[in-house]
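Here is the structure we will look at.
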Amino acid sequence: MGDPHAAMSGPMWMPTAPPTVENVLAWHPQPIPVLPVLAMVLLFGYAAGLVVLHRRGVAWPVGRTLMWGAGVASILFVTGTGMDGYGMELFSIHMIQHMALNMLCPVFLVLGAPVTLLLRALPSGHGGKGAVRRGVLRVLHSVPASVLTHPVVTFALFVMSLYGLYFTPAFDYLMGTWWGHNLMLIHFLLIGFLYFWGIMGVDPSPRQTGRGLRSISGEVLPVLELAATTPFHAFFGVVVMMSTNLLVHFYATPMPGWNIAPLADQGVGGGIAWGFTEFPTLLVLGVLVAKWQRSDARKTAAADRRAARVGDVDLDDYNRYLDSLAARDRGRP
């Protein structure tokens, strides 16, 4: 363990071998694997919900299950492999962890629709049988949940995960202990999930169920939210890439024998922060477009069914209007 990590406390695996693709991607969870354990809890919890639905004969989309599995796998990929240890030595590897946990893993998890699965799996009814489900619904309808998921709040939290962490002493403080390091990684995941949960609208959320917030769940706002964070990520990446000084002191002392200069590695990390946003952004935009197309198809089908039952009211009104004009013209001398 080198000088920059002398303040580290608790059981943390710190690599000494140079970073190769094989070393970084090898399965190597920490002695206390906080994030891998959390990932497995998410996996088995989701599986338990699927078992409940299967026993009731309720179908669940395979695509949602696959997305949840991809989210869990991506968490394990950046926290259960050598990447977690090398992220303690190299800013660039840490930035891969940050971007994945903040922008990629949450997208997959949101597409798994965990809240919908939870509400369908929990027993409903009066009395104690449906108490847990009613409690979840009360949380979704609560004022604190509406405030927390408001676009302004989620945007601020998402952006501050970058600027509030790396441009303040917070990063060096958290990286000084094993619990601080894991708390930071969990923070990335939670903030990312909260942000994309509101934008994508796959699950019931306070934006759809909260009082007074129905109007903000339309088609335009999610795109504006998604676009608003892009310049902040780009600016952050450029600042990190172009900086002539180290932004954080944790990586100030290079590992002996690795021949990696901390400032050059910081520049690589800035490039990762700048370029990583493209794939998650395109993925979310694709989901939004597909969602709008399904919504338009449902509206069109409903209008066709209504027209088949009672006729096309708008067309009938328009035809009557044309008939009245024709009658008026015929009545002129």
Side-chain angles (χ1 to χ4, degrees), residues 1-10 12-15 18-19 24 30 35 78-79 82-106 154-192 195 228-281:
M1 190 176 298
D3 290 339
H5 308 132
M8 287 298 301
S9 63
M12 288 290 294
W13 169 71
M14 309 291 288
V24 172
Q30 294 287 354
L35 270 296
V78 296
T79 63
M83 193 176 296
D84 198 36
Y86 282 97
M88 301 295 294
E89 301 286 7
L90 296 172
F91 181 81
S92 57
I93 301 296
H94 165 81
M95 192 54 64
I96 294 175
Q97 283 188 293
H98 181 155
M99 292 294 106
L101 289 172
N102 200 221
M103 297 198 67
L104 186 61
C105 306
T154 56
F155 171 81
L157 291 173
F158 194 71
V159 171
M160 287 302 293
S161 292
L162 284 174
Y163 293 88
L165 183 64
Y166 298 101
F167 293 157
T168 69
F171 182 84
D172 289 326
Y173 174 76
L174 291 172
M175 290 290 279
T177 59
W178 76 270
W179 64 263
H181 169 70
N182 285 288
L183 180 64
M184 181 167 50
L185 298 183
I186 293 173
H187 166 82
F188 295 153
L189 186 64
L190 290 179
I191 294 300
Y195 175 73
T229 59
T230 302
F232 287 91
H233 271 272
F235 180 74
F236 172 82
V238 170
V239 169
V240 175
M241 289 173 62
M242 302 300 293
S243 177
T244 57
N245 298 306
L246 291 177
L247 297 179
V248 295
H249 299 291
F250 186 78
Y251 300 102
T253 304
M255 285 293 293
W258 287 15
N259 298 319
I260 299 176
L263 191 59
D265 184 61
Q266 177 178 279
V268 174
I272 292 170
W274 181 31
F276 198 95
T277 60
E278 293 185 7
F279 175 71
T281 300

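Predicted model only: the values in this text are computed from it and were never measured. Heavy-atom basis, side chains included; hydrogens, waters and symmetry copies ignored.
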Take Met103 and Thr277 through the test side chain to side chain contact (heavy atoms under 4.5 Å, CB included) and record every step on the way to the result. CA-CA 7 Å; Met103 297 198 67; Thr277 60; 3.7 Å; yes
Do other residues, nucleotides or ligands put more than 12 heavy atoms under 6.0 Å from the OH atom of Tyr163?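 Check passes, neighbour count above 12.
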Would you check if the side chain of [X] reaches a backbone N or O of [Y] as a donor-acceptor pair within less than 3.5 Å?
X      : Y      : value
Asp265 : Phe91  : yes
Gln97  : Val78  : yes
Ser243 : Val239 : no
Ser161 : Leu157 : yes
Gln266 : Asn245 : yes

What are the two closest non-hydrogen atoms of [X] and [Y], and how far apart are they?
X      : Y      : answer
Ala170 : Gly164 : CB-O, 4.0 Å
Val268 : Ser92  : CG1-CB, 3.9 Å
Ile260 : Pro19  : CD1-CG, 3.8 Å
Asn182 : Trp178 : ND2-O, 2.8 Å
Met88  : Phe250 : O-CE2, 3.0 Å
Tyr86  : Pro18  : OH-O, 3.4 Å

Output a table of donor-acceptor pairs, distance under 3.5 Å, between side-chain atoms of residues 229-237 and any protein atom two or more places apart or on a different chain; print 'none' if there are none.
| residue | atom | partner | partner atom | Å |
| --- | --- | --- | --- | --- |
| Thr229 | OG1 | Tyr195 | OH | 3.2 |
| Thr229 | OG1 | Leu226 | O | 3.1 |
| Thr230 | OG1 | Leu226 | O | 3.4 |

Mind running side chain to side chain contact (heavy atoms under 4.5 Å, CB included) on Tyr251 and Glu89 for me, showing each step along the way? CA-CA 6 Å; Tyr251 300 102; Glu89 301 286 7; 5.6 Å; no
Between Thr79 and Asp84, a side-chain donor and acceptor under 3.5 Å: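 Checked: Thr79/Asp84 side chains show no N/O donor-acceptor pair below 3.5 Å.
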Identify the residue among Tyr166, Phe276, Phe171 that makes a ring pair (Phe, Tyr, Trp, His ring centres under 6.0 Å) with His98.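 Among the candidates, only Tyr166 passes.
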With side chains defined as the heavy atoms from C-beta onward, is the minimum distance between Met83 and His94 less than 4.5 Å?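 Counting from C-beta outward, Met83 and His94 never come under 4.5 Å.
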Starting at [atom1] of [X], measure out to [atom2] of [Y] and round the result to the nearest 0.5 Å.
X      : Y      : atom1 : atom2 : value
Leu162 : Asn102 : CG    : CG    : 7.0 Å
Leu247 : Asp172 : CG    : CG    : 10.0 Å
Gln30  : His181 : CD    : NE2   : 6.0 Å
Leu101 : Ile96  : CG    : CD1   : 11.5 Å
Leu185 : Leu174 : CG    : CG    : 10.0 Å
Phe188 : Leu183 : CZ    : CG    : 10.0 Å

